[in-house]
Amino acid sequence: MTENDIAIPKKGIARHKVLAMLKDFAKDDPNYKKLKTWSLVYFLGDAHTDFLLKAYGQFLSANGLNPMAFKSLKRFENEVVRMTADLLHGGREAAGVMTSGGTESCLLAVKTYRDMGRAEKRIRRPEMVIPETAHVAWEKGAEYFGVKAVHAPLRKDMGVDVDAVRKLVNRNTVMILGSAPEYPHGIIDSIAELGEVACDRKIPLHVDACLGGFFLPFMEKLGYDVPLWDFRISGVTSISADAHKYAFSAKGASVILYRSVEILKHQFFVYENWPGGIFASPALLGTRPGGAYAAAWASIMALGEEGFIENTRQMMKAADRLKEGIRAIADLAIVGEPKTPIFAYTSISKEVNIYAVADQMEVRGWHIDRLQRPDALHVMVTPLHLKVAMQYLKDLKESVDHVRGRPELATTGGAAMYGMIAHIPLRSMVKKSVLKMFADMYGPDAKMINPARASMADEHSAEKPDLATRAALWYVKMREKFKR
Ligand SMILES: Cc1ncc(COP(=O)(O)O)c(C=O)c1O
């Protein structure tokens, strides 16, 4: 059987063999246990993972669809929501639900405010004002729910330009967004100022704290200078905070909280005429994964405030060490002045192509996320990264030295591809091509694209080029076309 000719095996395979196959499939995955991965995995060590597995496993089949069926799940959800409300100063009035992740929480906020704007202000052409650095989940929400995303530019410090926000809101604005912090550069928008706009114009303000929800409160307790950003700001009407990020839970857990149940009501879905019964759903999903909610509850309970504080202390120590070390490497600079354990760095010299640096870091075993506008590399620190911070800096210095003065490295490998795609002027063409590539990835010829193959692309190969090579060829052609 070929890879593209897969069907359910006629006869089941012994479970132990299937498990061995799974292990084998995972061998090329990013090795997060070696702490060389940033942002994809929030790993607190094997003991914590085993603990989550037990909590998750116990509720693997439990379904949170009907809150009246599995009372245990409703209890986990209630308690996670209440603990989060307490942490974020929502008091007893705040109300919310657990969701499957940050994206679901963001999508729900868009849907909620669209419906609230429609019900309370008769807004038919809804718009939302979001910072340029808003997570892409908000663009997705805009597209899915037919709400126009109006992008507010940034100030020099990379926080959203609140004067611009004030000018961009209009009668159709159903919500304003601020991030605490934003994903690309770890900057916290000025929520206090956004709150003033929200109050003046009587427009809901959502704070996307999918990242910061479970570490900013502990940074504050540790004495870091964290500006107020949560429900203590009077204009803030809702907050999203992901448990599967900095509450170190299993994948599939986030919280969306509203200042009051009156707002939350706009999120609910009820259909009373279905032959399957009267259907009511608090969030986006139908079946809701009990395991994820149990693991989130378990993780928060096991860490306790002291655990969160200690984790945050270590993260900040690692992040400060990394930022200081990066600032000391010639030709590199941190983007903006992030105060959080999330940040990006860029090259300030033509001699050093930052994407080529990423390629070199990957040669040294690091899994690196590339950003664009500006070209930069991303770092999201978790507590255990403290163990590898010095190694990262050593490898980074070596990588920069290797790349410096070798312009050819910018035109090969991942650097060529990312560089080209970030700078190609016709953005709609990039979108079209990526859509085409996705269709290939998820179509019958499904295979994985490995960007590093770009350099190996050989148009004249005798074999039919695989998807990776076709992608690479496309990039190479585009690069030629747009060479200046
Ligand atoms: C600020 C912010 N919002 C939303 C999301 C989306 O979260 P998820 O990937 O869990 O859907 C992320 C993910 O990193 C994020 O950083």
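Read the numbers this way: they start at 1 and go in the same order the structure lists the ligands and their atoms. Just so it is clear, the structure is predicted and the values come from calculations on it, not from any experiment.
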- Identified ring pair (Phe, Tyr, Trp, His ring centres under 6.0 Å) partner of Phe215 from the options Tyr246, Phe248, Tyr224, Phe308: Tyr246
- Query: Short list, please: which atoms of ligand 1 are under 4.0 Å from a heavy atom of Leu211?
  - Reply: 16 (O)
- Is the His89-Phe231 ring centre distance short of 6.0 angstrom? no
- Message: Students should be able to answer this: which protein heavy-atom is nearest to atom 3 (N) of ligand 1, and at what distance?
- Response: Asp208 OD2, 2.7 Å
- Note on the structure: min-distance protein heavy atom vs atom 11 (O) of ligand 1 -> Thr103 OG1, 2.5 Å
- Do you know which two heavy atoms are closest between His206 and Ala109, and how far apart they sit? ND1-CB, 3.8 Å
- If you draw a 6.0 Å radius around CZ in Phe438, do more than 12 non-hydrogen atoms from other residues or ligands fall strictly inside? no
- Which heavy atom of Ala422 sits nearest a heavy atom of Asp375, and at what distance? CB-OD1, 3.9 Å
- Note on the structure: Honestly, for Cys210 the part within reach of ligand 1 (heavy atoms, under 4.0 Å) is side chain
- Number the atoms of ligand 1 from 1 as they appear, then name those within less than 4.0 Å of a heavy atom of Gly102, with their elements. 6 (C), 7 (O), 8 (P), 10 (O), 11 (O)
- Task: Run the contact test for His244 against ligand 1 with a 4.0 Å cut-off on heavy atoms, strictly below, and give the result.
- Result: yes
- Message: Please evaluate residues Ser299 and His244 with respect to the criterion side-chain hydrogen bond (donor to acceptor under 3.5 Å, both in side chains), reporting the C-alpha separation (whole Å), side-chain torsions for both, the decisive distance (0.1 Å), and the verdict.
- Response: CA-CA 9 Å; Ser299 190; His244 68 192; over 6 Å; no
- The atoms of ligand 1 lying under 4.0 Å from a heavy atom of Tyr183, numbered in the order shown, are 14 (O), 16 (O)
- Enumerate the atoms of ligand 1 whose separation from the nearest heavy atom of Asp242 is less than 4.0 angstrom. 7 (O), 10 (O)
- Query: So which heavy atom in the protein is nearest atom 7 (O) of ligand 1, and how far is it from that ligand atom?
  - Reply: Lys245 NZ, 2.9 Å
- Query: Are more than 12 heavy atoms from other residues, nucleotides or ligands located less than 6.0 Å from atom NZ of Lys317?
  - Reply: no
- Query: Quick one: are the ring centres of Tyr392 and Trp38 less than 6.0 Å apart?
  - Reply: yes
- Task: Specify the protein heavy atom at minimum distance from atom 15 (C) of ligand 1: its residue, its atom name, and the distance to 0.1 Å.
- Result: His135 CD2, 3.3 Å
- Gly101 to ligand 1: N or O pair under 3.5 Å? no
